[in-house]
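A quick write-up on the structure given underneath.
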Amino acid sequence: MSVKTALRVIEIIETYARERRALPLSELARLLGVPVSSCLALIRTLADLGYLYETGRRQGYYPTGRLLAMAQRIAASDPVLDRVYPSLVELRDATQETIVFGKLSGDGKVVYLDVLDSPHTIRYAPVAGEFREVHANSLGKALLSVLDTKARHALLNSYSLTRYNERTLTSIEAVDADLELSRQRGWFMNLGESISDVCALAWPVTLSGETYAISVGGPVYRLEPRQEECARILRAACTGLEQG
């Protein structure tokens, strides 16, 4: 029951992030797909703790600044992101493209730990906390590359390799061949294999014995012609982090 309640709280936060407006109790319950009575209990608890407030009688509820303040305090003390953030900023400024920092989750997917947006209006715009399948993701490929063959194949065999479009690699043999090519050229790439008009280059980085990866992502038309240049900058950033 406690796990289910925790999930509901996260869903409330994500609903406000998506809707970006005050929500009456009945509408929030509808969006969450839960009974009004259950939603009311959660809303009252969050309001009592200072995370939500009523914008006006019968006008609905909205998050207070307490949620943002807590998130900022947590993020500021992240032991890994605190170390890598300056390098991610430098990489974003040098490439002018979106930078993503991630690692493998417990169930073998890529989890985005941090995202720095490109300054361009047209840009790749993922969100920290998202999960991606490894076979169609540049970070995933970089992270697969550090596993031995047995562990890599076990991970890839643990789920079906989803076909997102005609470019997606959907067999272990195809993934292995792509990884070998990537090692030789010096970067791991997702060229429209999950989102047709998005390209991303990635490289693994080891910090305190843990393996992470960093990617540079953007529109295919802008990043593909610059892949060698961006890969060189990316590898230098990863080397600097490992030696720092």
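Side chains included, hydrogens not; waters and symmetry mates left out as well; all remaining heavy atoms used.
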Where do Asp178 and Val175 land on the side chain to side chain contact (heavy atoms under 4.5 Å, CB included) test, with the steps shown first? CA-CA 5 Å; Asp178 185 79; Val175 173; 5.7 Å; no
Report the C-alpha separation of Phe131 and Ser105 in whole Å, then their side-chain angles, then the decisive distance to 0.1 Å, and conclude whether the side chain to side chain contact (heavy atoms under 4.5 Å, CB included) test is met. CA-CA 8 Å; Phe131 292 88; Ser105 66; 3.8 Å; yes
Would you confirm whether [X], through its side chain, and [Y], through its main-chain N or O, come within 3.5 Å as a donor-acceptor pair?
| X | Y | result |
| --- | --- | --- |
| Asn137 | Asn190 | no |
| Glu210 | Leu207 | no |
| Thr95 | Leu91 | yes |
| Thr64 | Arg66 | yes |
| Ser171 | Ala174 | yes |
| Ser38 | Val34 | no |

Transitively linked via ILVMFWY side-chain contacts under 4.5 Å: [X] with [Y]?
| X | Y | answer |
| --- | --- | --- |
| Ile43 | Met70 | yes |
| Leu139 | Tyr159 | yes |
| Val89 | Val115 | yes |
| Leu181 | Leu144 | no |
| Leu49 | Leu67 | yes |

Greater than 12 external heavy atoms within 6.0 Å of [X]'s [atom1]:
| X | atom1 | result |
| --- | --- | --- |
| Glu228 | CD | no |
| Arg44 | CZ | no |
| Tyr85 | OH | no |
| Ile122 | CD1 | no |

Please identify each residue that fulfils salt bridge (charged side-chain N to carboxylate O under 4.0 Å, His left out) with [X], with sequence neighbours left out.
| X | result |
| --- | --- |
| Arg83 | none |
| Glu130 | Arg132 |
| Asp114 | none |

Angle class for the His135/Tyr164 ring planes (parallel below 30°, perpendicular above 60°, tilted otherwise)? parallel
Parallel, tilted or perpendicular, as decided by the 30° and 60° cut-offs, for the rings of Phe101 and Tyr212: parallel
Heavy atoms, side chains only, cut-off 4.5 Å: are [X] and [Y] in contact?
| X | Y | value |
| --- | --- | --- |
| Leu155 | Leu104 | yes |
| Met189 | Gln227 | yes |
| Val84 | Val205 | no |
| Leu143 | Val134 | no |
| Lys103 | Val110 | no |
| Phe188 | Ser215 | no |
| Arg21 | Tyr16 | no |
| Leu40 | Leu42 | no |

Hits for ring-ring contact (aromatic ring centres under 6.0 Å, His included) against Tyr112, two or more places apart or cross-chain, chain-then-number order -> none
Across all chains, not counting sequence neighbours, the side-chain contact (heavy atoms from CB on, under 4.5 Å) partners of Val220 are Leu191, Cys199, Glu224
Partners passing side-chain contact (heavy atoms from CB on, under 4.5 Å) against Ser118 (at least two apart in sequence or in another chain): Glu97, Thr98, His120, Arg123, Arg222
Which heavy atom of [X] sits nearest to which heavy atom of [Y], and what is that distance?
| X | Y | result |
| --- | --- | --- |
| Leu25 | Cys39 | CD1-SG, 3.7 Å |
| Leu223 | Gly218 | CD2-N, 3.6 Å |
| Lys141 | Leu169 | NZ-CD1, 3.9 Å |
| Ser26 | Val36 | CA-CG2, 4.5 Å |
| Leu32 | Arg8 | O-NH1, 3.9 Å |
| Ala231 | Trp187 | CB-CE3, 3.5 Å |

Decide, yes or no, whether a salt bridge links [X] with [Y] under the criterion of side-chain N to carboxylate O below 4.0 Å.
| X | Y | value |
| --- | --- | --- |
| Asp117 | Arg92 | no |
| Lys109 | Glu133 | no |
| Glu193 | Arg163 | no |

Interatomic distance, [X] atom [atom1] to [Y] atom [atom2] [nearest 0.5 angstrom]:
| X | Y | atom1 | atom2 | answer |
| --- | --- | --- | --- | --- |
| Gln184 | Leu179 | CD | CG | 11.5 Å |
| Leu241 | Gln243 | CG | CD | 10.0 Å |
| Arg232 | Arg226 | CZ | CZ | 10.0 Å |
| Ile233 | Glu90 | CD1 | CD | 11.5 Å |
| Leu7 | Glu14 | CG | CD | 8.5 Å |
| Asp176 | Ser145 | CG | OG | 11.5 Å |

Assess the pair Tyr61 and Tyr53: is the distance between their ring centroids shorter than 6.0 Å? no
